[in-house]
Protein chains: 2
Amino acid sequence: MGRHREFDVEKALDAALCVFWRKGYEGASYADLTEAAGVERPALYSAFGNKEALFRKVLARYYERYVDYLPAALQLPTAREVAARALQGAIDLTTRYPEHTGCLAIQGVLAGSDEAEPVRQALIEARAEGEAQLRKRFERARAEGDLPETARPDTLAAFLMAVLHGMAVQAKAGFSRDTLEAVAEQALATWPAGKSTPS
Amino acid sequence: MGRHREFDVEKALDAALCVFWRKGYEGASYADLTEAAGVERPALYSAFGNKEALFRKVLARYYERYVDYLPAALQLPTAREVAARALQGAIDLTTRYPEHTGCLAIQGVLAGSDEAEPVRQALIEARAEGEAQLRKRFERARAEGDLPETARPDTLAAFLMAVLHGMAVQAKAGFSRDTLEAVAEQALATWPAGKSTPS
DNA sequence: GGGGTTTAGTAACGATCATTACGAAAATGA
DNA sequence: TCATTTTCGTAATGATCGTTACTAAACCCC
């Protein structure tokens, strides 16, 4: 029983996601969020909790709906294809929407006031989780002979993440897709070859 | 004539630099800055102007005193040495001080409120300036036969900057120096060889 | 069609933000 | 020693921050 909710929760989350993507966690004010969502302040609070809780919901939604290329990439047959697909996915994501370039999950890791520290930690953990998945995948690749015995899965994962993050920064700085694709190609030029190269 | 300044302007700038490095432009409040500098608010204002002006002074000081490895790297004889030195310099810089990891010039580019937009633009321009210097250096290297004719200086510069930025993000996420050095080594593995390899 | 329950919206909360009047203190020049 | 000039430090400015009482409206169940 009780009154029905008049606004669409999904649409409000999407609106909040756009604002956070563009301005980061601390750069987005509650006034920005309510205006984008077309919802009054107490309605947002009652629906999602405070700003931090709202951001965490948005972050989960972001990984689920926008970083879906990563789990897809992890299932490709070779480590090189995994890396290539991850790079291409990141380029798409960080340049597809002109109004919010870059990567939402990176826009808040770097700096902020002391009150934003828990949020920074959450973003760091999410980043580490993605890297761990890549590392495990590359360990499997080495076991399968897809990567040479001398290859170091942890280094390859860290390197790939570094390029991904660097491209996210560059996308935020206004780089074109073509430039980012040249960067990705250069990054792949180093990729160690396995025993058999699939034709 | 008039009363002498009681605090050391250089030390105050250094203190502000540390705070901005740790918290970014918007994350650092004037209360943080005055506390770190040990100077009352109006004294900082009269000495440096408002927060944005203070940040710009700090940014110039940062490039001058901490990113001095870049001009040094540009003068090395081969493009590969330039890249290797830039990577190593960035690793040093972003991991040397545990209390403020990462790169001050990156911590504010990514996101922020609308009022911080001019500062973001300034950081983007500074970043672009560094990349342009690298590109010109690699063009010279190609002309000198240090890089093959097929090498693309703009791509190499963009790639190198991507790795540098990615490592800055990772340093802020707590990566160890050893891990970053492995990343740099992997990045250098892609480097195109010139006509003559210096022994 | 009331009673109980949930939402919507106005309006305000205290805290902190960057910024600055203003008067006391200190130093120079005459 | 007095007048002038600059700095210092207290205290306050209006604005905005995230958050929340509180009241009126809308809904379900009995």
Side-chain angles (χ1 to χ4, degrees), chain A residues 1-13 15-20 22-59 107-108 111-122, chain B residues 1-13 15-17 19-20 22-59 107-108 111-120 122:
Chain A
M1 56 180 70
R3 183 172 174 175
H4 296 323
R5 187 168 271 138
E6 290 186 2
F7 68 94
D8 188 335
V9 173
E10 300 294 309
K11 287 185 179 176
L13 272 179
L17 191 148
C18 285
V19 175
F20 279 129
R22 191 148 35 89
K23 302 193 170 188
Y25 174 65
E26 287 201 296
S29 72
Y30 229 92
D32 295 330
L33 295 166
T34 53
E35 187 186 6
V39 169
E40 295 303 321
R41 299 162 99 92
L44 268 191
Y45 274 96
S46 73
F48 306 110
N50 65 5
K51 187 182 178 183
E52 179 174 340
L54 173 59
F55 182 78
R56 290 179 185 271
K57 281 197 177 64
V58 161
L59 183 64
Q107 324 276 46
S113 71
D114 292 338
E115 290 119 35
E117 188 59 27
V119 172
R120 280 193 50 240
Q121 288 303 323
Chain B
M1 55 179 72
R3 182 171 175 178
H4 298 322
R5 187 168 272 137
E6 292 186 0
F7 68 94
D8 188 335
V9 174
E10 301 293 310
K11 288 185 180 176
L13 271 180
L17 191 148
V19 175
F20 279 130
R22 191 149 34 89
K23 301 193 170 189
Y25 174 66
E26 288 202 294
S29 73
Y30 229 92
D32 295 330
L33 295 167
T34 53
E35 187 186 6
V39 169
E40 296 301 323
R41 300 162 101 90
L44 269 191
Y45 274 97
S46 74
F48 307 109
N50 65 7
K51 186 181 177 184
E52 179 174 340
L54 173 58
F55 182 79
R56 291 179 185 272
K57 282 197 176 64
V58 161
L59 184 63
Q107 324 277 49
S113 71
D114 292 338
E115 290 120 34
E117 187 61 24
V119 173
R120 278 193 50 240

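Lettering follows sequence order; numbering is per chain, from 1.
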* To do: Figure out the CZ/P separation between A:Phe7 and C:dT6, and round it to whole Å.
  =>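 For the pair A:Phe7 CZ and C:dT6 P, the rounded distance is 16 Å.
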* Rounded to whole angstrom units, what separation is found between the CG atom of B:Asp8 and the P atom of D:dT7? ->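 Value for this atom pair: 15 Å.
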Atom pairs and distances, donor-acceptor, side-chain atoms in residues 48-58 of chain B, under 3.5 Å, two or more places apart:
unit_1	atom_1	unit_2	atom_2	d
B:Asn50	OD1	B:Glu52	N	3.4
B:Asn50	OD1	B:Ala53	N	3.0
B:Lys51	NZ	B:Tyr25	O	3.1
B:Lys51	NZ	B:Ala28	O	2.7
B:Glu52	OE2	B:Arg56	NE	3.3
B:Glu52	OE2	B:Arg56	NH2	2.9

Scan the side chains in residues 113-120 of chain A for donor-acceptor partners under 3.5 Å anywhere in the protein, sequence neighbours excluded, and list what turns up.
unit_1	atom_1	unit_2	atom_2	d
A:Ser113	OG	A:Glu26	OE2	2.5
A:Asp114	OD1	B:Lys23	NZ	3.3
A:Asp114	OD2	B:Lys23	NZ	3.1
A:Glu117	OE1	A:Arg120	NH1	2.7
A:Glu117	OE2	A:Arg120	NH1	3.2
A:Glu117	OE2	A:Gln121	NE2	3.0
A:Arg120	NE	A:Val109	O	2.7

* **Heavy-atom pair of closest approach, residues A:Glu10 and A:Asp8** =>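 Shortest heavy-atom separation between A:Glu10 and A:Asp8 comes out as N-OD1, 2.9 Å.
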* Residues two or more places apart in sequence or in another chain: which of them pass salt bridge (charged side-chain N to carboxylate O under 4.0 Å, His left out) with A:Arg3? ->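 Residues passing salt bridge (charged side-chain N to carboxylate O under 4.0 Å, His left out) with A:Arg3: A:Glu6.
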* To do: Look at the side chain of A:Glu40 and decide which nucleotide, out of C:dT10, D:dC8, C:dT7, has an atom nearest to it.
  =>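 Of all the options, the side chain of A:Glu40 is nearest to C:dT10.
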* To do: Could you list the residues that satisfy side-chain contact (heavy atoms from CB on, under 4.5 Å) with A:Arg41, not counting sequence neighbours?
  =>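 So A:Arg41 forms a side-chain contact (heavy atoms from CB on, under 4.5 Å) with A:Tyr30, A:Ala31, A:Thr34.
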Expected rows: protein N/O vs nucleotides 27-30 of chain C N/O, under 3.5 Å:
unit_1	atom_1	unit_2	atom_2	d
C:dA27	O3'	B:His4	NE2	2.9
C:dT28	OP1	B:His4	NE2	2.9

* Structure fact -> The contact string for nucleotides 13-23 of chain C, one letter per nucleotide 5' to 3', using protein heavy atoms under 4.0 Å with B, S and - for base, sugar-phosphate only and none, comes out as ----SBBBB--
